[in-house]
Protein chains: 2
Amino acid sequence: MSSLTTAKDPPDHALGTGTSDALSHPSAVGLVAVIVAATDGEPRALTVQVPGQAPGRQDGLPFGPLVPEHPTLERGLRAWVERQTHQRLGYVEQLYTFGDRDRQGDEAAGLHSLSVAYLALVREMRPAGLAEASWRNWYRYLPWEDWRAGRPESLGAIEPRLMAWAGEVADPKLRRRREDRLGLTFGLCGGAWNEERVLERYELLFEAGLIPEAQGQAGKGACAEAAVTGHPMAFDHRRVLATAIGRLRGKIKYRPVVFELMPPTFTLFQLQRTVEALSGAELHKQNFRRLVAQQGLVEETDDLTSGTAGRPARLVRFRREVLLERPAPGFRLTPARRPG
Amino acid sequence: MSSLTTAKDPPDHALGTGTSDALSHPSAVGLVAVIVAATDGEPRALTVQVPGQAPGRQDGLPFGPLVPEHPTLERGLRAWVERQTHQRLGYVEQLYTFGDRDRQGDEAAGLHSLSVAYLALVREMRPAGLAEASWRNWYRYLPWEDWRAGRPESLGAIEPRLMAWAGEVADPKLRRRREDRLGLTFGLCGGAWNEERVLERYELLFEAGLIPEAQGQAGKGACAEAAVTGHPMAFDHRRVLATAIGRLRGKIKYRPVVFELMPPTFTLFQLQRTVEALSGAELHKQNFRRLVAQQGLVEETDDLTSGTAGRPARLVRFRREVLLERPAPGFRLTPARRPG
DNA sequence: GGCGCAATGCTCAATTTGAGCATAAGTGAG
DNA sequence: CTCACTTATGCTCAAATTGAGCATTGCGCC
């Protein structure tokens with residue numbers, strides 16, 4: 001059946017990706033959304049409450065079934081989220097389609113289940129419509145990713161456990177392999193930290209057994225533990241969140257997507273704070289503004305901020321024209337060096 | 001039903017993306033693969049023959065149903081392709097999940113159908129296993145994308161039609177919008193060509209009615225037409241191919257994926273030819289080698305080429321270590337300027 | 001009026017690009 | 001055997017981009 005070939009019957013429509021053959025294996029498909037906002041210089045994701053394994057409830061990402069009435073996946077998602085959260089989705093991008101990793105239930109029944117994950121950026125942080133939904137700082141779930149105030153404490157606690165994980169194998173070749181991966185993802189053993197490898201880090205932690213979801217011990221961790229290995233999420237939603245963050249961190253470097261998160265006018269410093277929030281790194285202020293200026297990403301308004309300490313800042317707005325002009329505008333992140 | 005919320009029933013498993021709710025709307029899911037090789041400095045994709053609308057047959061990408069026995073989407077794809085083509089897949093990456101755009105058939109039946117597309121890179125060009133399958137230069141389907149020998153002729157023929165398409169709307173605002181898009185994607189009206197916008201170009205051509213698949217007139221175009229708007233493909237496989245090319249063109253700039261297409265040892269010029277084949281642009285030779293050398297992407301072997309015209313070249317091999325060292329190694333493409 | 005605090009301007013050296021020129025080392029023709 | 005031609009490889013140089021830091025400007029507030 002799994003034939004790499006011609007479809008057995010000629011298709012009865014002009015378009016479509018040619019899956020008519022697949023009807024014999026229907027699958028359950030769901031949509032998951034990582035809806036991101038950034039206010040007060042903090043990166044946030046919209047979360048909902050999901051019944052957990054233990055009696056309590058757990059954080060999760062908004063998700064729902066794919067219903068047939070929607071013409072397109074993306075438009076389905078848009079309609080669904082906008083209806084439920086009264087949240088205008090500006091930028092929407094497909095993230096990844098997750099298969100059923102480590103799942104047993106449905107497989108036995110001969111059913112696949114997929115979920116198509118989307119990343120959405122919203123400009124304003126509405127009060128989260130539903131009572132069950134709330135905006136949460138995304139570093140709550142992945143605390144080791146926030147380097148804005150220097151090396152995160154979470155990482156300090158994780159590191160010895162990771163080294164132990166690498167050390168626990170006898171085979172020197174395999175151990176070497178694990179150490180390499182630690183260097184690559186976490187910057188240990190002489191490697192460098194790369195802020196885009198969010199998913200790889202999450203998956204490594206998962207593999208090393210440091211992620212509670214891995215053992216179905218969702219209720220176990222105390223608060224102290226959550227500060228180290230992060231707050232758990234339902235299903236594999238933390239993996240989805242990690243995918244989203246990694247993607248977004250990459251994207252802001254070559255596409256002006258940050259502006260989807262900014263209010264109509266803002267100061268350069270607010271913009272910087274937002275970029276820093278997403279990338280989890282501190283940037284060099286003067287160089288950041290030089291970059292933005294050079295790229296012509298913004299235009300000045302006549303207004304200045306007031307009331308804040310220090311000299312008032314000029315308010316600027318995004319120059320929509322850059323979407324047409326530059327082949328691939330965006331930011332290159334220039335990390336600020338901190339002493340020690 | 002389409003609730004952005006908590007699942008109604010507590011899930012019976014630790015992982016999975018929480019789609020149990022979606023069972024009520026099963027969907028048909030298929031896999032499509034863009035399997036890429038590059039030999040003799042030409043970029044090729046593996047194609048199969050598919051029954052077309054007209055009596056004849058049409059090129060298409062290898063595709064098949066998603067069968068439940070596979071543990072993971074990617075592994076399912078791997079197994080399936082490797083079994084059928086006896087082709088080792090080296091690098092595999094999920095591309096995109098296509099919904100049923102512009103489809104009517106299944107929708108009425110309350111069924112979605114999706115296809116999950118993958119990009120795979122193979123090192124050697126095996127003789128295409130199946131009789132029905134063959135390796136085709138991918139510019140056969142998207143001739144305007146090949147700028148290696150200067151501005152492609154295809155583009156010259158397309159351009160007036162695109163301008164006409166922009167001109168055909170009365171509303172000046174809408175016309176302006178179309179012109180902007182032409183500038184952005186095709187570099188017309190003063191814009192610059194960006195080799196990564198492959199999908200956007202295809203979709204714009206599709207919208208402008210220049211793609212035969214759009215009207216179900218697959219059999220119509222003569223050879224002359226195919227040289228201009230490209231050879232058609234079954235279903236929306238050309239869209240999938242365009243997605244793959246765009247993604248790959250982006251990726252080679254920051255990840256050393258080209259080496260997945262190279263034989264164990266090769267010359268720097270062969271490497272350059274491969275990069276050029278993928279990106280569709282000619283590169284500056286000396287600077288290319290400087291870049292590769294600086295990045296430490298390859299190491300020299302003791303062998304030289306022989307038999308070719310000109311001075312023998314040193315054979316090099318990929319330095320696997322760079323996968324660990326560099327945070328994000330790859331190529332930055334420095335286009336060669338050609339007179340005129 | 002002077003202080004502290006941000007915003008903004010400006011400098012400067014170290015790299016990194018972009019573009020060529022020059023030389024080396026083979027093959028094939030006459 | 002030598003010349004013409006071809007491709008590989010080395011090297012230079014100016015322009016542009018980065019990375020880092022110092023200096024100045026305006027404001028709210030003692």
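All values below come from the heavy atoms of this structure, side chains included, with hydrogens, waters and symmetry mates left out. Below, chains carry the letters A, B, ... as their sequence lines are ordered, and counting in each starts from 1.
Between A:E93 and A:Y91, the side chains place a donor N or O and an acceptor N or O closer than 3.5 Å (distance only, hydrogens not considered).
Remark: A:R201 is positioned above the aromatic ring of A:W193, its terminal NZ or CZ atom under 6.0 angstrom from the ring centre and at most 45 degrees off the axis.
Residues that satisfy the side-chain contact (heavy atoms from CB on, under 4.5 Å) test with B:T265, not counting sequence neighbours, are B:T301, B:L315, B:R317.
Nucleotide C:dT16 holds its C1' atom 17 Å from the CZ atom of B:F288, rounded to whole Å. One atom, CZ of B:F269, and another, C1' of D:dT6, lie 11 Å apart when rounded to the nearest Å. If you measure from atom CG of B:L283 to atom C1' of C:dG20, you get 17 Å, rounded to the nearest angstrom. Taking atom CD of residue B:Q294 and atom P of nucleotide C:dT17, one finds them 7 Å apart after rounding to whole Å. When rounded to the nearest whole Å, the span between CG of A:N287 and C1' of C:dA7 equals 15 Å. As rounded to whole Å, 11 Å separates atom P of C:dG26 from atom CZ of B:R314. Taking atom NE2 of A:H284 as the reference point, atom P of C:dA7 lies 14 Å away to the nearest angstrom. Distance CZ (A:F266) to P (C:dA7): 14 Å, rounded to an integer number of Å.
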B/S/- contact track for nucleotides 24-30 of chain D, protein heavy atom under 4.0 Å = -BBS---
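Between C:dA7 and A:K285, a contact under 4.0 Å exists linking OP1 or OP2 to a side-chain N or O.
Considering only heavy atoms from C-beta on, A:L205 comes within 4.5 Å of A:L162 through its side chain. Residues A:E276 and A:R273 have side chains in contact (heavy-atom distance under 4.5 Å, counting atoms from C-beta outward).
How far CD1 of A:I245 is from OG of A:S279: 11.5 Å, rounded to the nearest 0.5 Å.
Contact annotation: side chain of A:R290 to base of D:dG19, donor-acceptor pair present below 3.5 Å.
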